**Student:** 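One structure, as structure tokens, below. Some questions next.
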Amino acid sequence: MDVRDKTLVITGAGRGIGRALALHFARSGAQLALLDTNAEDLAESQRLCSEEGVSTRSYLANVASEDSVVDTFAQVGRDFGRFDGL
């Protein structure tokens, strides 16, 4: 799948599988909206993905909270203009 210049939202991006997916998609040229509840882990994931030369933003969000998800996706839309995948 060609994800170059697509905006992808990655939940749990602070570490583990989420970070691995974020790095994979960063290396594939996707723009990334990284979500997690841990600010330090999220900052490290953003740093690593940004080193791949793609546009990357991080968002503190709890996907267990509907309000948090709604607010975060609205911000992603404002920041990137759209999102193409989750």
Side-chain angles (χ1 to χ4, degrees):
M1 172 176 25
D2 184 7
V3 296
R4 282 176 293 183
D5 301 319
K6 302 290 185 193
T7 299
L8 304 179
V9 177
I10 309 291
T11 61
R15 57 185 153 156
I17 293 170
R19 181 181 282 173
L21 286 169
L23 286 168
H24 168 77
F25 288 123
R27 291 176 183 132
S28 297
Q31 300 180 95
L32 300 173
L34 306 176
L35 281 63
D36 205 284
T37 58
N38 184 298
E40 290 178 11
D41 290 343
L42 196 54
E44 178 64 10
S45 292
Q46 182 176 8
R47 183 189 69 75
L48 292 169
C49 290
S50 293
E51 288 178 355
E52 298 298 327
V54 296
S55 177
T56 306
R57 293 185 183 233
S58 61
Y59 305 86
L60 284 176
N62 181 354
V63 296
S65 165
E66 184 176 354
D67 289 340
S68 179
V69 171
V70 169
D71 293 344
T72 301
F73 274 74
Q75 187 62 52
V76 169
R78 286 189 295 273
D79 291 343
F80 288 97
R82 69 174 205 269
F83 60 92
D84 302 295
L86 171 65

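Values in this document were obtained by computation on a predicted structure and should not be read as measured data.
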**Student:** Identify, with sequence neighbours excluded, every residue that meets side-chain contact (heavy atoms from CB on, under 4.5 Å) alongside Thr56.
**Tutor:** Leu32, Leu34, Gln46, Cys49, Ser50, Val54
**Student:** List in chain and number order the residues that pass ring-ring contact (aromatic ring centres under 6.0 Å, His included) with Tyr59, two or more places apart in sequence or in another chain; answer none if no residue qualifies.
**Tutor:** none
**Student:** According to a hydrophobic-cluster definition based on side-chain heavy atoms being under 4.5 Å apart (Ile, Leu, Val, Met, Phe, Trp, Tyr only), do Phe25 and Phe83 belong together?
**Tutor:**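 Phe25 does not cluster with Phe83.
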**Student:** Keeping to residues at least two apart or across chains, list the salt bridge (Lys or Arg N to Asp or Glu O under 4.0 Å) pairs with something in residues 71-86.
**Tutor:**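 Listed by first then second residue: Arg57-Asp79, Arg82-Asp84.
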**Student:** My understanding is that only residues two or more places apart in sequence, or in another chain, count here; which of them pass salt bridge (charged side-chain N to carboxylate O under 4.0 Å, His left out) with Arg4?
**Tutor:**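 Asp2.
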**Student:** When you measure from the side chain of Ser68 to the backbone of Asn62, do you find a donor-acceptor pair of N or O atoms at a distance under 3.5 Å?
**Tutor:**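 Yes: the side chain of Ser68 pairs with the backbone of Asn62.
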**Student:** Do you know the tightest heavy-atom contact between Ala61 and Thr37?
**Tutor:**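 Ala61 and Thr37 have their closest heavy atoms at O-CG2, 3.2 Å.
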**Student:** So how far is it from Leu60 CG to Leu35 CG, rounded to the nearest 0.5 Å?
**Tutor:**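 Separation between the atoms: 9.0 Å.
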**Student:** With sequence neighbours excluded, tell me which residues meet side-chain contact (heavy atoms from CB on, under 4.5 Å) with Leu48.
**Tutor:**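 Partners of Leu48 under the side-chain contact (heavy atoms from CB on, under 4.5 Å) test: Arg19, Leu23, Glu44, Glu51.
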**Student:** Table please: side-chain donor-acceptor pairs of residues 5-18 below 3.5 Å, with sequence neighbours left out.
**Tutor:**
residue	atom	partner	partner atom	Å
Thr7	OG1	Gln31	NE2	3.2
Arg15	NE	Asp41	OD2	3.2

**Student:** Does Leu86 share a hydrophobic cluster with Met1, counting links as ILVMFWY side-chain heavy atoms below 4.5 Å and allowing steps through other members?
**Tutor:** no
**Student:** Restricting to side-chain contact (heavy atoms from CB on, under 4.5 Å), what partner residues turn up for Val70, sequence neighbours left out?
**Tutor:**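 side-chain contact (heavy atoms from CB on, under 4.5 Å) check on Val70 returns Glu66.
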**Student:** Using side-chain contact (heavy atoms from CB on, under 4.5 Å) as the criterion, list what pairs up with Ser28, not counting sequence neighbours.
**Tutor:** Val3, His24
